[in-house]
Amino acid sequence: MKPLNIGLIGYGFMGRTHSNGYKRVNDFFPELQHRPVLKAVCGRSAEKVQAFADQWQYESIETDWRALIARDDIDAVDICTPNNFHAEIAIAAAEAGKMILCEKPLALNPEEGEKMIAAVEKAGVVNTVWYNYRRAPAVTMAKQLIDEGRLGRVFHYRANFLQDWTISDDVPQGGAALWRLDVAAAGSGVTGDLLAHCIDTAIWLNGSIKDVSAMTETFVKERMHTETGKMEPVGIDDACAFLCHFENGSLGLFESTRYARGHKALYTFEINGENASIRWDLQDLHRLEYFDHNDEGKLRGWRSIHVTDHGGEHPYMDKWWVPGLQIGYEHTFVHHVADFLKALEAGEEAHPNFRDAQETQRVCDAVLTSASERNWKQVCPDFFCDSTGNPPFFERGI
Ligand code: SOE
């Protein structure tokens, strides 16, 4: 088996989910030819990063990400830093010829995303972004049902991602634990952190989004910044809702907030087609709700499919326990690693790659622009189209 030496940069919550994925993958996907090796982990505090390395059995540590990238014994760089470091690290890693696994969202904005794509494509390095919810077996099965044409024409796509952890105005912004509340580190609030997941899944299941009309709100306007020790304005969106049109003619409705008291991480989506509907809920992630209008009338109703069967019908489940026994959140990351390695071994693109994730980035950008300008925005299909939805620069003679 071929070792694939991983260099992890950042070791917070996502560092743990990814590390667990690397450690478990060969136990459950024995056909893979590569074995991830936890070669080095990097963080600014030597003491803290060493504690993480000891707990997760990384072979070595670095305190400067440039030193990690410069090492000959690192094959793949995993970026788990706050969002404002993604671009710089990814571009340097690509230039050093490393494979890259980058946390979501891809970047702070589409301009950064475009530079990251140029770097990985020029270097020809395998790249992926950890939109992990695609790999929940029930979500993958939703994709299969849609691709089989079972829904017929799709009319509606509805998604929510609701949390409640920032309601208190005593929660500070910035620093290792709370960078998600600091616009300089995160780029945006719930739009890039939570809606980005919903948008990635939506595009994967239902195709591209054409245009959006959004509203955002920042309920707590000032928070103490852990780095300056002062009260600073809050620059992120605490809540966001948007309407959209998909290319396939269906209508989308998305909502995300960190102010939905009682909800810790409620990610749900529902798709309504002419023949059937599908519903999924992260807190019941092993179930897929399915309504089929072709069922016999007196038995017609929503079925709750426990996506745990073997025999190849329920994605990924042959790899785990026995039918009827479910898996959870952490397995989505194991599946992501497995699919990444499979792509690598087949000489194919890993998905979602930077280019796929850039489509989500562009939707997020259009959402934020729409909210601030209070009007509908086209989602720019490529680099040359600006977020006003104007045509490519070269067509406008600029
Ligand atoms: C935020 O609380 C967060 O951890 C996101 O950053 C993750 O991407 C999401 O999956 C769960 O919530």
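Indexing begins at 1, ligand by ligand and atom by atom, following the structure's order.
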- Task: Please go through W302's hydrophobic cluster and name the other residues, only I, L, V, M, F, W, Y counting, with side-chain heavy atoms under 4.5 Å joining them.
- Result: F291

- Cluster companions of L266 among Ile, Leu, Val, Met, Phe, Trp, Tyr (side-chain spacing under 4.5 Å): L162

- Task: Determine which pairs satisfy side chain to side chain donor-acceptor pair (under 3.5 Å) with at least one residue from residues 85-100, sequence neighbours left out, and list them in order.
- Result: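 Those involving residues 85-100 are R66-E88.
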
- Near ligand 1, at a heavy-atom separation below 4.0 Å: residues by chain and residue number: F13, K104, Y133, Q163, W165, R180, D193, L194, H197

- Message: Between S304 and R287, is there a side-chain donor-acceptor contact under 3.5 Å, judged purely by atom types and distance?
- Response: yes

- Query: Per the side chain to side chain donor-acceptor pair (under 3.5 Å) rule, which among H156, R279, R158 passes with N272?
  - Reply: R158

- Message: Using the ring pair (Phe, Tyr, Trp, His ring centres under 6.0 Å) definition, which of the options F242, F246, W280 pairs with Y157?
- Response: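 Testing each of F242, F246, W280 against Y157, the sole residue satisfying ring pair (Phe, Tyr, Trp, His ring centres under 6.0 Å) is F246.
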
